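Worksheet: one structure, shown below.
Residue numbering restarts at 1 for every chain, and letters A, B, ... go by the order of the sequence lines. Only a predicted model underlies this, so the values are computations on that prediction, with no experimental measurement involved.
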Number of protein chains: 2
Amino acid sequence: MIKIISNMGELKKFLLGKGIKPTYQRLEILYYMLKKMNSHPTVDTIYEELYLKIPPLSKTTVYNILKSFVEKKIISAITITGSEVRYDANITPHHHFLCTKCGRIIDLDLKCPFEMQDKNRVLGHRVEEVHGYLKGICKECLKRRKNEIFKRNKN
Amino acid sequence: MIKIISNMGELKKFLLGKGIKPTYQRLEILYYMLKKMNSHPTVDTIYEELYLKIPPLSKTTVYNILKSFVEKKIISAITITGSEVRYDANITPHHHFLCTKCGRIIDLDLKCPFEMQDKNRVLGHRVEEVHGYLKGICKECLKRRKNEIFKRNKN
DNA sequence: ATGACTGCAAAATATTTGCATATTC
DNA sequence: GAATATGCAAATATTTTGCAGTCAT
C-alpha cells in the first residue's frame, strides 16, 4: 500500500478509492498502522494508544475497522504467536520471524518460493495468501547472549 | 514420530523413551492424535471425543498434555486459523493449506526452502521452527464449483 | 511418602453480537 | 434522509491458574 506516510488528505482519498467511507476512526487507525509499520500491533495496543488521542474510541470499532481493512487487503492479519491476532500495514510479499527470547516479530523480506509455482496453484489448490512464520532466536538476542558468555569467561 | 499406528504397549515404550510418564490420559490422547493424523483437531474436538471414552477427562488435562507433547516435539501446534490452536501428530517437515471455502486444513508435503539456508540462519536469525501457512481454495472446492457452473450452463 | 498428574472451578484473555445512537455522503 | 458506522454492554470462546485430591513408584 502507500509507501510514504501520507497526510490525512491523501489517506482520505485512498480510502474513498477503495470504496471505504473515510470516517475519523478509520483515518486515525490507518494513519497509526502506517506510522507503526513493522511493529505488528495487536487490537489491544492499537486501542490503548489511540483512545487516548481520539476518545471515545471503542474496541469494537477497532475490531470492525481492522477486519474491514483486512478484507479490502489494505493490511494483513498475522497469527504467528497463536495467542492473539496482530496486524501489519506492510502488504508487500514478505514473511515473519518470531523471536522466542524477546518476543519481537521481525519482517523477513524474502519472497516465498511457494508463490513461484504455476499460476498460484500448489498441489492443485488455488493459493491466495502465503504466510511464512519462522520461529527461533533473533540476531540481536544471539549477539547479546554471545557477549554475556564472553564477559562471564573473562571474570 | 511413529509412522504406523502402534498398539498401547508400543506407545507406552515410546513415551517412556521420551521421559514422559505414560499415564492413561496421555496414552489415549497420543493414540487419538495418531489415529486422527491429518485432521488437525482442536483441544475442544479432542476433549469432546475422548471424554466420552475415558471419563472423567478434564479439558485442563487435555491442554496440559498437548502442551507437554509440543514441548517434547511429539506433536506440533498449528495456528493457521487464528482463532484457535490445532494440533498435528505429523511432525515430518511439511506445511499447511487452509481452504477458505470448506475450512479444511490440508497437509502440504513440500519441504520449505527456508530450511535450506546456511546452518538454520535466515538473515542472521537462528531458525528453530518453520510454518508455511497457505490460504485459498482447495482442489476439491475448485472442482465442485466448476461442476456447478457447468450444470448451470446446461440448464 | 514423595513427587508428579489430574480435574474442577474460577479467572484471565480475546473476540463477537445485539442494539441504540451518531455520522457520512 | 438513507445507509452505514460507532460504541456500549453483554455474550461467547479460548486458554490459564490455583488448589485439592489422586495416582504411581
Side-chain angles (χ1 to χ4, degrees), chain A residues 8-9 11-32 40-72 74-75 77-87 103 105, chain B residues 8 11-13 15-16 18-30 32 40-72 74-75 77-87 103 105:
Chain A
M8 288 299 175
L11 288 185
K12 209 162 177 170
K13 271 183 222 160
F14 173 77
L15 286 182
L16 278 169
K18 291 267 179 182
I20 299 171
K21 279 188 190 168
T23 63
Y24 180 42
Q25 292 86 338
R26 287 176 180 171
L27 285 168
E28 289 292 346
I29 288 178
L30 181 55
Y31 183 71
Y32 177 89
H40 315 99
T42 61
V43 164
D44 215 62
T45 309
I46 298 166
Y47 170 73
E48 288 297 333
E49 295 200 26
L50 279 184
Y51 97 115
L52 294 168
K53 188 185 168 196
I54 54 169
L57 174 68
S58 157
K59 209 177 265 190
T60 306
T61 300
V62 180
Y63 274 104
N64 286 339
I65 291 177
L66 291 172
K67 190 185 222 177
S68 75
F69 282 178
V70 170
E71 278 162 10
K72 295 276 165 57
I74 293 170
I75 63 175
I78 298 169
T79 61
I80 193 168
T81 69
S83 57
E84 82 292 283
V85 180
R86 285 159 173 278
Y87 293 91
I105 295 173
Chain B
M8 286 299 175
L11 287 186
K12 210 163 176 168
K13 271 184 220 160
L15 286 183
L16 278 169
K18 291 269 181 181
I20 299 170
K21 281 190 189 164
T23 64
Y24 180 41
Q25 291 86 340
R26 287 176 181 171
L27 285 168
E28 288 292 346
I29 289 178
L30 181 54
Y32 176 90
H40 315 99
T42 62
V43 164
D44 215 62
T45 310
I46 299 166
Y47 171 74
E48 288 297 334
E49 295 200 26
L50 279 184
Y51 97 116
L52 294 169
K53 187 184 169 195
I54 53 168
L57 174 68
S58 158
K59 208 177 265 188
T60 306
T61 301
V62 180
Y63 274 104
N64 286 339
I65 292 178
L66 291 173
K67 190 185 221 177
S68 75
F69 283 178
V70 170
E71 278 163 10
K72 295 276 165 57
I74 293 170
I75 63 175
I78 298 169
T79 61
I80 193 168
T81 69
S83 57
E84 82 292 284
V85 180
R86 286 161 173 277
Y87 294 90
I105 294 174

Under-4.0 Å side-chain N/O to phosphate OP1/OP2 contact, A:Q25 with C:dT23: no
Spacing between B:K59 atom NZ and C:dA12 atom C1', to the nearest angstrom: 16 Å
Whole angstrom value for the distance that separates P of C:dT15 from OH of A:Y87: 7 Å
Whichever of B:I65 and A:P22 has its nearest DNA chain C nucleotide further upstream toward 5': B:I65
Nearest-angstrom distance from the residue atom CZ of A:F69 to C1' of D:dT6: 14 Å
Phosphate OP1/OP2 of C:dT6: any B:T60 side-chain N/O under 4.0 Å: no
Options C:dG7, D:dA3, C:dT6, nucleotide nearest the side-chain atoms of A:K21: D:dA3
Value in whole Å for how far the C1' atom of D:dA3 lies from CD1 of A:I20: 16 Å
Nearest-Å distance for atom pair CG/P, residues A:L16 and D:dA5: 12 Å
Inter-residue atom distance B:I29.CD1 - B:I54.CD1, 0.5 Å rounding: 6.0 Å
Phosphate-side-chain proximity, A:R26 and D:dT6, N/O vs OP1/OP2 below 4.0 Å: yes
B:F69 and B:L15, any side-chain heavy atoms less than 4.5 Å apart: yes
Listed nucleotide nearest any side-chain atom of A:L57, set D:dG7, C:dC25, D:dT15: D:dG7
Sugar-phosphate, base or nothing in reach of A:V43, heavy atoms under 4.0 Å: nothing
Reported CZ-to-CG distance for the pair A:R86 and A:L66, which is rounded to 0.5 angstrom: 13.0 Å
Closest-nucleotide 5' rank along DNA chain C - winner of B:G82 and B:N64: B:N64
Atom-pair distance (OH on B:Y47; C1' on D:dT14), nearest Å: 14 Å
Sugar-phosphate only, base, or nothing, as touched by A:T42 at under 4.0 Å among non-hydrogen atoms: nothing
Closest heavy-atom pair and its distance - A:L50, A:E28: CD1-O, 4.0 Å
Whole-Å distance separating the OH atom of B:Y63 from the P atom of D:dA13: 12 Å
B:T23 side chain near C:dC5 phosphate (N/O to OP1/OP2, under 4.0 Å): no
Rounded distance in Å - NZ (A:K12) to C1' (C:dT23): 12 Å
Nearest-0.5 Å distance, CD1 of residue A:I74 to CZ of residue A:F14: 4.5 Å
